[in-house]
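What follows is a short report on a single structure.
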2 protein chains.
Amino acid sequence: MTERGRPRSFDRAAALRRAMEVFWAQGYDGTSMSDLIAAMDVNSPSIYAAFGCKEELFREAVALYRATEGGRIWGAMTTAPSARAAIETVLRVSAEEFTRPSKPRGCLIVLGALNADDGNETVRRELQEHRAENMKMLLLRLKRGVAKGELPNGPDWRAIATFYITVQQGMSIQARDGASRKALLAVADCAMAAWDGLVSCRRDGGAL
Amino acid sequence: MTERGRPRSFDRAAALRRAMEVFWAQGYDGTSMSDLIAAMDVNSPSIYAAFGCKEELFREAVALYRATEGGRIWGAMTTAPSARAAIETVLRVSAEEFTRPSKPRGCLIVLGALNADDGNETVRRELQEHRAENMKMLLLRLKRGVAKGELPNGPDWRAIATFYITVQQGMSIQARDGASRKALLAVADCAMAAWDGLVSCRRDGGAL
DNA sequence: ATATTTATTTGTCGATCGACACAGAAAAGG
DNA sequence: CCTTTTCTGTGTCGATCGACAAATAAATAT
């Protein structure tokens, strides 16, 4: 009951990684099958046999991204010793990952499919859900800090989580525009400069 | 020496505005000529006669955006009484403009063409330059504040300007993901909570 | 060895992309 | 009037899109 038939001649994992980098650099719509065929060095019928259609290939590429680059960014969410350290680490690692030499700049999850057009609605919604999951993860970390007494329960933690997610997503655009790693780290520092003021602010039912 | 020939039967300005809203909602690549023909209610030869090619039409749409919605956002940069008020107003008006009912969410300049592909390099670079101009405008306002003695000259104002631009750009993605106006206003407040700490921080040659 | 299963190569499918030719229609100038 | 100029509607161009059929090649199972 071992493998039957002719074994495939290309490395599936390596081809997927190359496809992921093309999607990362050009987005879902901006990447054509021709681009993928060239980058993966695999003919189109073999791609369809191994991955299904373009949409499913993109899905696998996104899963790979979340398991690698994404994991390095959001891993701190559970490993960091405090909520504040978690956020600071997420922002700083983002600055590093978004500016890795010889890698596409910014984040695949953020930049992969922002504009809706003819046939990318499913893909766009999935990326949006992944972004929402990251937001939820950050908010839960804050609420856990409140539950443990590490953080006060006065501030509007949802607004604070949205703020830091907004900064993290904005960094993708800055990275795409050529911002240096140092510049993005400085952005992270500026965002963390707001922490003390935000934490010691009582909720008033309004914006904050 | 008045107008010769048959006058055009459609309102050029109105058609341009409708084209702008399509580009705004779907981006440059995501918008096809068919989309434009349907939205503008003008046949394609008339579009080409009045606007040139798709790229030039997009350019005019961007110019219109910057003159209207963009002007409302960045106008405060020169009219606000202080640098701090200018930044706060830019963020708050952005929150409003990015969540106007029955208008596309987010900013055309930020979301219009982020991913490079076959034939959008010129357009992409132009939007990037417009983003860079906004950043420069904000930085100049800060430097003017320093020159007038309104602000100290210790802090790394370039880093601070980059930070607020990053927040403003991140708000476009949040808006696209469905964030409410109230949520975006709260993000603006969180960003402004960093101000005092940033202004009273002396430069140390590092990130801050 | 033969049959079976799967991968690869070549070629192509209908649909859609941006862009325009061409001819007819509607205004001005003479 | 008639000529000229410009705009409008129909149709279509070559290129490219994502996706796959058919035929060939290479492995395993019996």
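All chains are named by letter (A, B, ...) in the order of the sequence lines, taking the proteins before the strands, and each is independently numbered beginning at 1.
- What separates CZ of Phe10(B) from C1' of dA27(C) is a distance of 16 Å, to the nearest Å.
- Rounded to an integer number of Å, the gap from Asp117(B) CG to dT16(D) P is 13 Å.
- The side chain of Ser9(A) approaches dT8(C) more closely than any other nucleotide in the set dT8(C), dA19(C), dA27(D).
- In terms of position on DNA chain D, the residue among Tyr28(A) and Arg8(B) whose nearest nucleotide sits closer to the 5' end is Arg8(B).
- Between Lys136(A) and Glu133(A) no salt bridge is recorded (no basic side-chain N to carboxylate O distance below 4.0 Å).
- The side chain of Met33(A) lies closest to dG18(D) when the candidates are dA25(D), dG18(D), dG11(D).
- Straight-line distance from the CZ atom of Arg6(B) to the P atom of dG9(D): 7 Å, rounded to whole Å.
- For Arg4(A), the listed nucleotide lying nearest its side chain is dT28(D); candidates were dT28(D), dA19(C), dC7(D).
- For CZ of Arg12(A), the number of neighbouring non-hydrogen atoms (other residues, nucleotides, ligands) closer than 6.0 Å is greater than 12.
- Between Ile37(B) atom CD1 and dG9(D) atom P there is a gap of 11 Å when expressed in whole angstrom units.
- The Tyr48(A) side chain lies nearest to dA19(D) when the options are dA19(D), dA27(C), dT9(C).
- Closest to the side chain of Asn43(B), out of dA27(C), dT8(D), dG9(D), is dG9(D).
- If you measure from atom CZ of Phe58(B) to atom P of dA19(C), you get 14 Å, rounded to the nearest angstrom.
- The pair Glu96(A)-Arg100(A) does not meet the salt-bridge criterion, since no charged nitrogen lies less than 4.0 angstrom from a carboxylate oxygen.
- Taking only side-chain atoms of Lys54(A), from C-beta outward, the nucleotide of dT9(C), dA19(D), dC17(C) with the closest atom is dA19(D).
- Here the side chain of Ser34(B) is nearest to one of dT8(D), dG18(C), dC17(C), namely dC17(C).
- If you take CZ of Phe51(B) and P of dT8(D), they are 11 Å apart, rounded to a whole angstrom.
- In this entry the distance linking CD of Glu55(A) with P of dC17(D) reads 18 Å, nearest Å.
- Note on Pro7(B): only backbone sugar-phosphate atoms sit closer than 4.0 angstrom, heavy atoms only; bases stay farther off.
- Taking only side-chain atoms of Ser46(B), from C-beta outward, the nucleotide of dA19(D), dT8(C), dT8(D) with the closest atom is dT8(D).
- Ring orientation note: the planes of Tyr65(B) and Trp24(B) are nearly perpendicular, at an angle over 60° on the 30°/60° scale.
- Projected onto DNA chain D by closest heavy-atom contact, Ser32(A) and Val42(B) fall at different nucleotides, the more 5' of which corresponds to Val42(B).
- Look at CG on Leu36(B): it is 15 Å from C1' on dT16(C), rounded to the nearest Å.
- Remark: of the listed residues Met171(A), Gln174(A), Arg105(A), Lys182(A), Arg105(A) is the sole one forming a side chain to side chain contact (heavy atoms under 4.5 Å, CB included) with Thr99(A).
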